[in-house]
Every structure is written in structure tokens, then in C-alpha cells.
Amino acid sequence: MTRPNPNFDLTVEDVDLIETALCQSQKILSQRHLSYEHCAHIEGGASQEKAVRTKEALGRIQSLLGRLQTQKAGGAPAAGLS
């Protein structure tokens, strides 16, 4: 079994692109979640399960976005702030 590489070679631009993609995914999933919840009130069953899974995915995305912000904020101080 291979081990994951603990060393990442990502630029700030790479992280910004990842962040942008996550935000777009978050918007799409938020709309789907509302739709699934609406359908769950009418139909129940499968729509309720989709709503739960979508909400969990949204939570993971929010957590990851928070960690990315923490990583970005933990970098070198901005020019003129030293």
C-alpha cells in the first residue's frame, strides 16, 4: 500500500483556485440541499437521505475552506506589517 505524500508544493494561486472551486461547489450543493429538503417534506425517503448526504458534504467543504483560510493567514506577514 502506498503512503500519501505529506509534502505539498502548492502556490498561493493554486490554493486560491481550490478555494474558488470549493465555493462554487458549495453554492451548487446548497441549492440541491434546499431542493432535496423540499422534496423530502413531500415525498420523504430517498430525498431525505440525499438531503442528509448533501448537508454532510457541505459541512466538509466548509471545514476545508476554514482550514485553507487558516493556512493562508498563517503565512508570512504582509509587507509593511513587520
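Just so we're clear, the structure is a prediction, and the values are computed from it rather than from any experiment.
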Rounded at 0.5 Å granularity, tell me how far [atom1] in [X] sits from [atom2] in [Y].
X	Y	atom1	atom2	result
Leu10	Asp16	CG	CG	11.0 Å
Leu29	Glu56	CG	CD	12.0 Å
Leu58	Arg32	CG	CZ	10.5 Å
His41	Gln48	NE2	CD	7.5 Å
His38	Glu43	NE2	CD	9.0 Å
Arg60	Ser25	CZ	OG	12.0 Å

| message | If hydrophobic clusters are built from ILVMFWY residues whose side chains come within less than 4.5 Å, do Phe8 and Leu64 share one? | response |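 Yes.
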| said: Is there a continuous path of hydrophobic side-chain contacts, each under 4.5 Å between heavy atoms, that joins Val52 to Tyr36? | reply: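 No: no chain of side-chain contacts under 4.5 Å links Val52 to Tyr36.
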Answer whether the closest heavy-atom distance between the side chains of [X] and [Y] falls below 4.5 Å.
X	Y	value
Thr54	Glu37	no
Leu65	Glu19	yes
Leu22	Leu68	yes

| message | Can you give me the closest heavy-atom contact between Ser47 and Cys39, atom names plus distance? | response |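 For Ser47 versus Cys39, the nearest heavy atoms are OG-CB, 3.4 Å.
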